[in-house]
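These numbers come from a predicted model, not from an experiment.
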Amino acid sequence: MEYFFNKIVIVLSIFFICSRILNDSQIHKKMNIVYVICSLMFSFIAMIFKKINNQIDIVIILILCFFAILICSKKSIKKVFCSIIISYTLAIGINNLALFSVSGIIAILNINYKSFENLIIVILTTSLIHLLYTFLLLKIKRFKSTFSLLLNDNFMNLALIISITVLLSYIIMINFNENPTVFIMSFLFIISFSAVLCVLWYKETQNAYKMKLLNKDLDEAYNTIKSKDEYIDELLANNDNLAKIIHKDNKLIPSVELAFKNFVLEIQNEYPELSIDCDKHISYISTISKERMGIIYQTELIKRNIEKTGIFSIDNLLNYMLTKSINNNIIFCIAVNCNIKNLVFEIIDEESLRTIIADLIDNAIISVKDSEVKKILVTFNVVENYYEFSIYDSGELFCEEALQSLGVTQYTSHQNEGGSGIGMITLFEILRKYSASFVLDEVNASDSFSKFIKICFDNKMRFDINTSKSINVF
């Protein structure tokens, strides 16, 4: 009877777990009541075969469960086979955990389980605890929707090997149950490998969750880029018309202002008594001209300030850097092509990211502001499976001393402009903390820029410098 009840709950667990692994809605609909019927039938058949051979019952259950699931599902034979093996492994792990729990209860309460009445209670309790553990496993939020990950191509073979190892340990355990050492070793082996399978499964779930977030970011980025492309096309059309007007006004207004001043000065010379009124008119026309330049400045500021990260402190920092760039006549552009909130939530804290952005942009502004071409481009992207922060500038290249000391010693070639070299030291401390990579390229930058720096949150901690200078970087 103990064997019969034990096999019923194991077969039930196999069906429940297998249907979730295969993620087949047809199985879920058909097998609710069939689970119980098949469990009773298969357990009875296995009990009959066990009398013939002590090991063949495991094979019989595997075969019967395999064909039952194969008939009801639409999955391939390979996937059904793997899911049955993995399900049996998890079921055995759960069963041993239930036995361990009941053994603890018996030891604590000092129950004489050899009497018939207590034995019935122990068997029923073990079965209920087994089903309870199975139910909890199926209801854990993180695992609930990720059972199908066990059949991923990257994970299925490893899961199958572990599962077969656990099944072999289980066979050894039940055949050498009279040898306490072998029994305990096999029992611990089953629990350990089942735990390893769950841990690997959990990690696979985390990776899948991160990939889901990245794919969501890519979709959002695609939609954002598409809408921005449409907006840019509209702006370009308006910009062409505005450029024609500004081009005409830039020549017309200063000449009109000059002609007006000359005319007023002639009147002032001819009629000195009108001198006060003339000064007022000259002041008025100069004010209008300056206001127009101010409007153009504000328009330029608003036009450039259209990219937002969605993080208040970082948006404020970027707006400050934008204003600082405009004050130095630098063309400053920002392209946000991913969800920065997920980057801060998943990988790096907000303060560290803000420090990286502030130090690199500030260095770029110092480098660019005395250059003939003054351009800075800041981008946030998702590349392959990782986030990337890039800054392109048209400033002067790094000198050999600066390249040699990157992240090692404090060095700056811009002491007169507020540079201290502390920023780069802090930057590399943050990169090491988050295993991020640093890429500096002074060769492959586009025609508009002289160099670019990329911070890649790829967990590889690379340090790549591409330059025409001869340096030794350690």
Residues two or more places apart in sequence or in another chain: which of them pass side-chain contact (heavy atoms from CB on, under 4.5 Å) with Leu70? Phe66, Ile77, Val80
Note, Lys433 side chain near Asp349 side chain (heavy atom, < 4.5 Å): yes
Check: Ala91 main-chain N/O paired with Asn95 side-chain donor or acceptor under 3.5 Å: no
Report the residues that fulfil side-chain contact (heavy atoms from CB on, under 4.5 Å) with Leu131, sequence neighbours left out, ordered by chain and then residue number. Val9, Leu12
Quick one: are Leu353 and Phe457 in side-chain contact, heavy atoms under 4.5 Å? yes
Test of understanding: with side-chain contact (heavy atoms from CB on, under 4.5 Å), list the residues that count as partners of Ser394, not counting sequence neighbours. Val368, Val373, Lys375
Verify the neighbour count for atom CD of Glu346: are there more than 12 heavy atoms of other residues, nucleotides or ligands below 6.0 Å? yes
For the atom pair OG1 (Thr355) and CG (Leu360), what is the distance rounded to the nearest 0.5 Å? 10.5 Å
Pair listing, salt bridge (charged side-chain N to carboxylate O under 4.0 Å, His left out) test, anchored in residues 89-101, at least two apart: none
Below 4.5 Å, heavy atoms only, C-beta onward: do Ser390 and Phe452 meet side chain to side chain? no
Just by distance, do the side chain of Ser87 and the backbone of Ser83 share a donor-acceptor pair under 3.5 Å? yes
As an exercise, state the distance from CG of Leu322 to CD1 of Ile334, rounded to the nearest 0.5 Å. 6.0 Å
Under a 4.5 Å cut-off applied to non-hydrogen side-chain atoms, are Ile85 and Leu62 in contact? yes
For residues 322-331, which residue pairs pass the salt bridge (charged side-chain N to carboxylate O under 4.0 Å, His left out) check, not counting sequence neighbours? Lys324-Asp362
Quick one: list whatever passes salt bridge (charged side-chain N to carboxylate O under 4.0 Å, His left out) with Glu350, sequence neighbours left out. Arg354
Among pairs that include at least one residue of residues 453-464, which meet salt bridge (charged side-chain N to carboxylate O under 4.0 Å, His left out), considering only residues two or more places apart or in two chains? Glu388-Lys454, Asp458-Arg462, Arg462-Asp464
Going by the rule side chain to side chain donor-acceptor pair (under 3.5 Å), which residues pair with Asn342 if we only count those two or more places apart in sequence or in a different chain? Asp217
Can you find a pair of side-chain heavy atoms, one from Leu317 and one from Ile361, that are under 4.5 Å apart? no
Minimal non-hydrogen separation, Phe398 against Glu442, with atom names: N-OE2, 2.9 Å
Any side-chain heavy atom of Tyr387 within less than 4.5 Å of one from Ile455? no
Determine yes or no for a side-chain-to-main-chain donor-acceptor pair under 3.5 angstrom, with Ser450 supplying the side chain and Asp393 the backbone. yes
Output every pair passing salt bridge (charged side-chain N to carboxylate O under 4.0 Å, His left out) with a member in residues 186-197, not counting sequence neighbours, ordered by first then second residue. none
Would you give the length of the straight line joining atom CD1 of Ile340 to atom CD1 of Ile348, rounded to the nearest 0.5 angstrom? 11.0 Å
What pairs meet the ring-ring contact (aromatic ring centres under 6.0 Å, His included) rule with one or both residues in residues 352-381, with sequence neighbours excluded? Phe380-Phe389
Any donor-acceptor N/O pair, Lys451 side chain to Glu396 backbone, under 3.5 Å: yes
Within the distance-only criterion (no hydrogens, no angle test), does the side chain of Asn381 pair as donor or acceptor with the backbone N or O of Val383 below 3.5 angstrom? no
Which residues pass the side chain to side chain donor-acceptor pair (under 3.5 Å) test with Tyr133, not counting sequence neighbours? Ser101
The reported gap from CD1 in Ile331 to CG in Leu377 (rounded to nearest 0.5 angstrom) is 11.5 Å
side-chain contact (heavy atoms from CB on, under 4.5 Å) partners for Ser435, two or more places apart: Asn459, Met461
With side chain to side chain contact (heavy atoms under 4.5 Å, CB included) as the test, would you mind laying out the steps for Asn363 and Ile391 before giving the verdict? CA-CA 10 Å; Asn363 288 346; Ile391 178 164; over 6 Å; no
Please assess Phe438 against Phe428 for the test ring pair (Phe, Tyr, Trp, His ring centres under 6.0 Å), listing each intermediate value before the final yes or no. CA-CA 8 Å; Phe438 177 88; Phe428 278 89; 4.9 Å; yes
Gap separating the CD1 atom of Ile365 from the OG atom of Ser325, nearest 0.5 angstrom: 3.5 Å
Do the non-hydrogen side-chain atoms of Asp359 and Met424 ever get within less than 4.5 Å of each other? no
Roughly how far, to the nearest 0.5 Å, is CG of Leu90 from CD1 of Ile86? 7.5 Å
